[in-house]
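Side chains are part of it too, since the values below use all heavy atoms of this structure and drop only hydrogens, waters and symmetry mates. Note that the coordinates shown come from a computational prediction; the quantities given were computed from them, not determined experimentally. Positions are given from 1, in the same order as the sequence printed here.
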Amino acid sequence: MRQIPSGAAHERSITFPLEVDVTVAAARPVPLPAELRYDRSDPYAVRLSLGTHSPLTVDWVFARSLLADGLRVPVGIGDVLVVPRHRCRPEAIRIVLRSRTGSAVLEIAESAVTAFLRQTEAVVPQGCEHHHIDLDDVVARLTAGGD
């Protein structure tokens, strides 16, 4: 697993490769390469890319706080749920991804998620996200094409 050097505060983004076990329906878990990504330009969000060594990657975007809170208690409603350690796999957390076409359960090593979140904190500390939002850009994107 690639680690960001201690100077992560000067970085704008983090890419954290890992492997997840994916279970769909009642099938057996399948290991899949993945990446957790974080970028200072979107400070509230993390991205989870599944199948990173394939031309058909699947990306999910959700709140960094959802991932952090999910290390301690079950959180989330709707498309993404995060569940802490399970008695069957105490070293892993579960992320449940749901869409109109079905759902999948991902198991990710808790130590990898913790290391990734620690690196995001070095880039943008929790509670300081609002300092990294470009409000002019947000307003321009919201009002674009409104004629």
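Smallest separation of non-hydrogen atoms from A34 and L48: CB-CD1, 4.4 Å. Of all non-hydrogen atoms in L18 and A112, the two that sit nearest each other are CD2-CB, 4.3 Å. T23 and A27 make their closest contact through CG2-O, 3.2 Å (heavy atoms, listed as atom of the first residue, atom of the second, distance). Residue E19 comes nearest to P31 through the heavy atom pair OE2-CB, 3.5 Å, listed as atom of the first residue, atom of the second, then distance. Nearest heavy-atom pair, S13 versus D39, reported as atom, atom and distance to 0.1 Å: CB-OD2, 3.2 Å. Nearest approach of G76 to L81, heavy atoms of both residues: O-CD2, 3.0 Å.
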Residues R64, T120; criterion side-chain hydrogen bond (donor to acceptor under 3.5 Å, both in side chains); working and verdict: CA-CA 9 Å; R64 174 173 69 162; T120 70; 3.1 Å; yes
Please determine whether side chain to side chain contact (heavy atoms under 4.5 Å, CB included) holds for the pair E110 and L71, giving the CA-CA distance in whole Å, both sets of side-chain angles, and the decisive distance to 0.1 Å. CA-CA 7 Å; E110 179 186 27; L71 290 171; 3.8 Å; yes
With side-chain hydrogen bond (donor to acceptor under 3.5 Å, both in side chains) as the criterion, how do R37 and S49 come out once you've worked through the C-alpha distance, each side chain's angles and the decisive distance to 0.1 Å? CA-CA 8 Å; R37 295 192 315 266; S49 294; 2.3 Å; yes
Decide side chain to side chain contact (heavy atoms under 4.5 Å, CB included) for E35 and L50; before the verdict, give the C-alpha distance in whole Å, the side-chain angles of both, and the deciding distance to 0.1 Å. CA-CA 7 Å; E35 287 180 346; L50 302 170; over 6 Å; no
One pair to check against side chain to side chain contact (heavy atoms under 4.5 Å, CB included): V83 and I93. What are the steps and the verdict? CA-CA 6 Å; V83 182; I93 67 163; over 6 Å; no
Evaluate the criterion side chain to side chain contact (heavy atoms under 4.5 Å, CB included) for residue pair Q119 and F16; output intermediate values, then yes/no. CA-CA 9 Å; Q119 291 178 6; F16 197 98; 3.7 Å; yes
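With rounding to the nearest 0.5 Å, the separation of CG in D79 from OG in S99 is 7.5 Å.
R98 contributes a side-chain N or O that, together with a main-chain N or O of G78, makes up a donor-acceptor pair within less than 3.5 Å.
Using a 4.0 Å cut-off between charged nitrogen and carboxylate oxygen, D42 and R47 count as a salt-bridge pair. Under 4.0 Å is where a charged nitrogen must lie from a carboxylate oxygen, and between E91 and R85 no such pair does.
Inter-residue side-chain proximity for P74 and P84 is flagged as met; some heavy-atom pair is nearer than 4.5 Å. Under the 4.5 Å side-chain criterion, counting only non-hydrogen atoms from C-beta, V105 is not in contact with V22. Looking at S65 and Q126, their side chains come closer than 4.5 Å, going by heavy atoms from C-beta outward.
The hydrophobic clustering, which links ILVMFWY residues whose side-chain heavy atoms are closer than 4.5 Å, places L106 and V46 together. No continuous path of ILVMFWY side-chain contacts below 4.5 Å connects L66 to I77, so the two sit in separate hydrophobic clusters. Both W60 and I108 belong to a common hydrophobic cluster when Ile, Leu, Val, Met, Phe, Trp and Tyr are linked at side-chain heavy-atom distances under 4.5 angstrom. In the hydrophobic cluster analysis, where Ile, Leu, Val, Met, Phe, Trp and Tyr join through side-chain heavy atoms closer than 4.5 angstrom, V58 is grouped together with L32. Note on V75: it clusters hydrophobically with L67, by side-chain heavy-atom contacts below 4.5 Å among ILVMFWY residues.
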